Number of protein chains: 2
Amino acid sequence: MKISTKGRYALRLMLDLALHDNDAPVRIKDIAARQDISDKYLEQIISSLNKAGYVKSIRGPQGGYKLAKDPSGYTVGMILRLTEGSLAPVACLDDEVNQCDRQETCATLKLWQQLDDAIKSVVDTVTLADLVEWQEEKIDNYVI
Amino acid sequence: MKISTKGRYALRLMLDLALHDNDAPVRIKDIAARQDISDKYLEQIISSLNKAGYVKSIRGPQGGYKLAKDPSGYTVGMILRLTEGSLAPVACLDDEVNQCDRQETCATLKLWQQLDDAIKSVVDTVTLADLVEWQEEKIDNYVI
DNA sequence: TATTATACTACTATTTTACTAGGAATTGCA
DNA sequence: TGCAATTCCTAGTAAAATAGTAGTATAATA
C-alpha cells in the first residue's frame, strides 16, 4: 500500500514547476538538482505528464517545461493516477475485467469501497495550488 | 497502492472463522475450499495470525483454528497491518529511520499525512464484526 | 553548425509478490 | 500402540513490479 517513487516524484516535479513558474521554462536538470532525483528518471516521468498535456515542453536551448494551466487546475489524484495508475486499494474496483465472481456476496468489497472513498476524498480534493500554499507556509516557518 | 493478496486473504480467512464460529475448530482445508484460496498459502498467512495471538490453533485430528476473541475485538487495520505491514502511503510516515532530510520543508508530507489519516479512519474503525454483519446482509439480499 | 535541450527506446539489477513443496511435530482414535 | 489427520516450519521459485541507467535521435537557437 505504498505510493511508488514515480508518483511521489511526479508530485514534487509538478510542485517544483509551480513554484518556479515565471516566464522562462524550467529545465529538467534544475528540477533534478533541486529535488535530488535522477534527471534521466525525471525525464521519463515528465514525458508522461507531457503526453497527458499536464505540462508544455519547449525544446532546444533555453527550453524546458512549464505547467499547462494554473496549479489549482490539477488535483493530486490526477497526477498520481497518471503516474501510478489506479489508486483503488483492490483491482476489482478498477474495472469490470478485474471483478471476481464473489462480487455479489463479498463483504470485504464494502470495506474496499469505503477505503477507496476515503482515499478519493483526499486525493481528489487537494490541488497543486494547496501544495504550493503549504510549501510557502513551511518555508516561512522553517528557521535553522 | 494495492492491498496484496496476503492482506485480502487474511481478512477473508478471519471473516470465514467468524462466520463458522461454533464449538468445533475450523480446518484450513475447509477455509481454503470455501474461499477458493491455496491451502498451503493460507497456512502461511494463518501462521502469522496465530503467532500474533489473533487465532488459537488446535493440532491433530479434529483440530483447526478458532478466533481468539470476539469479532468486535479485531479492527481491519489490525489484521491488514499484521499481514501487509504498514498501511501508511509513504515510508517516511512509518518510522524515524525512513524519514528524509527534506521533512522540515516538504509540502507533500502534509498531503501524505492527510491521506494516512483518511486510510486510518476506515481501517481502524471497521471491525471484523462489521464484516460479519455486512456479509449476512449481503447473503440475505442475494437471490439467484 | 555547434550546442543545448527534450524525446524516445531499450536494457537491467533488485525487490516484492504469490505462491509451491516437502517434511516434522502433535494429537485423537481405533 | 500405531495410524491418520491436522498444524508447524523452512526453503525454494517463477513472474511481475520497481527504480532506475544508457544511448541515441530530434529539435531549436545563437
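So that the names make sense, note that chain A is the first sequence line, chain B the second, and so on, each numbered from 1. Since we're looking at a predicted model, the values are computed, not measured.
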Going by number, which of [range] have a non-hydrogen atom under 4.0 Å from DNA chain C?
| range | result |
| --- | --- |
| residues 75-86 of chain A | none |
| residues 28-40 of chain B | B:S38, B:K40 |
| residues 53-62 of chain A | A:S57, A:I58, A:R59, A:G60, A:P61 |

> Is a donor on one side and an acceptor on the other found under 3.5 Å between the side chain of B:K66 and the backbone of B:N22?
Replying inline: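 Yes; judged by distance alone, with no hydrogens or angles, the pair exists.
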>> Per the ring-ring contact (aromatic ring centres under 6.0 Å, His included) rule, what does the pair list look like for residues 86-138 of chain A, sequence neighbours excluded?
In response: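 Found none.
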> Can you list every ring-ring contact (aromatic ring centres under 6.0 Å, His included) pair that touches residues 45-66 of chain B, not counting sequence neighbours?
Replying inline: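 Matches after skipping sequence neighbours: B:Y54-B:Y74.
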>> Taking the nucleotide of DNA chain C with the nearest heavy atom to each, does B:Y41 or A:I46 sit closer to the 5' end?
In response: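 It is A:I46, whose closest nucleotide lies nearer the 5' terminus.
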Just distance, no hydrogens or angles: give the donor-acceptor pairs under 3.5 Å from side chains in residues 29-45 of chain B, sequence neighbours left out.
unit_1, atom_1, unit_2, atom_2, d
B:D30, OD1, B:R27, NH2, 3.2
B:D30, OD2, B:R27, NE, 3.2
B:D30, OD2, B:R27, NH2, 3.4
B:R34, NE, B:D16, OD1, 3.3
B:R34, NE, B:D16, OD2, 2.9
B:R34, NH2, B:D16, OD1, 2.7
B:Q35, OE1, B:R12, NE, 3.0
B:Q35, NE2, B:D16, OD2, 2.9
B:S38, OG, B:K40, N, 3.3
B:S38, OG, B:Y41, N, 3.0
B:Y41, OH, B:T5, OG1, 3.2

> Which residues satisfy the salt bridge (Lys or Arg N to Asp or Glu O under 4.0 Å) test with B:K2, sequence neighbours excluded?
Replying inline: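 Partners of B:K2 by the salt bridge (Lys or Arg N to Asp or Glu O under 4.0 Å) criterion, ordered by chain and then number, come out as A:D94.
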> Does A:K6 have any salt bridge (Lys or Arg N to Asp or Glu O under 4.0 Å) partners at least two apart in sequence or in another chain, and if so, which?
Replying inline: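 Salt bridge (Lys or Arg N to Asp or Glu O under 4.0 Å) check on A:K6 returns nothing, list empty.
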> How would you list, by chain and number, every residue that makes a side-chain contact (heavy atoms from CB on, under 4.5 Å) with A:S47, sequence neighbours excluded?
Replying inline: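 side-chain contact (heavy atoms from CB on, under 4.5 Å) list for A:S47, sorted by chain: A:K51.
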Report, one line per pair, each donor and acceptor closer than 3.5 Å where one atom sits in a side chain of residues 75-83 of chain B; sequence neighbours left out.
unit_1, atom_1, unit_2, atom_2, d
B:T75, OG1, B:M78, N, 3.1
B:R81, NH1, B:D124, OD1, 3.0
B:R81, NH2, B:D124, OD1, 3.3
B:R81, NH2, B:D124, OD2, 3.2
B:T83, OG1, B:I79, O, 2.8
B:T83, OG1, B:L80, O, 3.3

Strictly under 3.5 Å: I want the nitrogen or oxygen pairs between protein and nucleotides 10-15 of chain C, one per line.
unit_1, atom_1, unit_2, atom_2, d
C:dA10, N6, A:Q44, NE2, 3.4

> Which of residues 6-18 of chain A have a heavy atom under 4.0 Å from DNA chain D?
Replying inline: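 Listed by number, they are A:Y9.
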